[in-house]
Amino acid sequence: MIRPRTARGEQLGEFLTARRRAQLRAELGLPPGSRRSERGLSREEVATLAGISVSWYTWLEQGRDINASQQVLGAIARVLKLTESEVDYVFALAGPGREVTPQLPDTPPEHLLNLIRAMSFPAFILASDWTIVGWNAGYEWLYGPIATTAPEERNLLRLIYLDGRIRALLPNWERDSRNFLAEFRAESGVRLSSERHSALVGALIEQSDDFREQWAEHAVGRFTSRKRTFVHPVAGELVFEHHRLVPSDASELHVVIYAPVTQVD
């Protein structure tokens, strides 16, 4: 019986394939592979090291509709040396459940808008596909074009990769963009197969060489609060602490805050 492919299965398979090909053979006690390559494992090697059948692992990489146990997934994660964030990502994709169609609000609740408007520093609200659905005066001061950007283009990933004005604001654009993309993939999980998420990714793959290259890396990472540096066209260099809050009564939204860093003499 040929097991059918699923959208989330294919997503899992692409990730496992990327991680398998990135493994250092010496770290697993293996000699160089074909053409004396130091990186990359065969499917047979992963299956053997994980103690599972080659057919089973091959089905996983092919995106087949199979039920993999936690023990099997844990063994594969161990062989591929996955991080905690990557393990969570794999378990979410491999777990049971229907394909996800997120309900994305066009406007956030008024009380969330009131919250960010009360802040004197930049803050904005993201939907699950990273569409910016609300912002305050501080964020508009930091990135003025947000107010005149068409709603269908008001997506944080689109702006990071397609808007040169955002790139000019970020002196660490290469690092920041990779961090954002890893977080987007981790947070989206099974939602990446939804119509809006897949349309966003597909459009960016076509329109941005940088996005296409970084997306192929299959990086996965949880959000962590951190310092962010911007170069404002008027105020010059600015340093903020980047925080993100998930409202308990609107968990499909994220409130993003750039709190000024207090300089200590």
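Aromatic ring pairs are classed by plane angle as parallel below 30°, tilted from 30° to 60° and perpendicular above 60°; the pair Phe124 and Tyr139 is tilted. Ring pair Phe180/His242 is tilted by interplanar angle, where 30° to 60° counts as tilted. Ring geometry for Tyr161 against Phe211 counts as perpendicular: the plane angle is over 60°, on a 0 to 90° scale with 30° as the lower cut.
Taken to the nearest 0.5 Å, the CZ atom of Arg175 stands 10.0 Å off from the CG atom of Leu170.
Using a 4.0 Å cut-off between a side-chain N of Lys or Arg and a carboxylate O of Asp or Glu, Arg222 and Glu84 qualify as a salt bridge. Here Arg226 pairs with Glu183 in a salt bridge; the nearest charged N to carboxylate O distance falls below 4.0 Å. By the 4.0 Å N-to-carboxylate-O rule, Glu110 lies close enough to Arg117 to be salt-bridged with it.
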Exercise for the section: I would like to know whether Phe121 and Phe240 meet ring pair (Phe, Tyr, Trp, His ring centres under 6.0 Å); could you show each step before the answer? Expected result: CA-CA 9 Å; Phe121 41 79; Phe240 295 101; 8.3 Å; no
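Residues Leu24 and Leu82 fall into different hydrophobic clusters, defined by Ile, Leu, Val, Met, Phe, Trp and Tyr side chains chained together at heavy-atom separations under 4.5 Å. Ile66 and Leu16 end up in the same hydrophobic cluster when Ile, Leu, Val, Met, Phe, Trp and Tyr side chains are linked at under 4.5 Å.
Taking the ring axis of Trp130 as reference, the NZ or CZ atom of Arg158 does not stay both within 45° of it and closer than 6.0 Å to the ring centre.
Donor-acceptor pairing under 3.5 Å is lacking for the side chains of Asp210 and Ser208.
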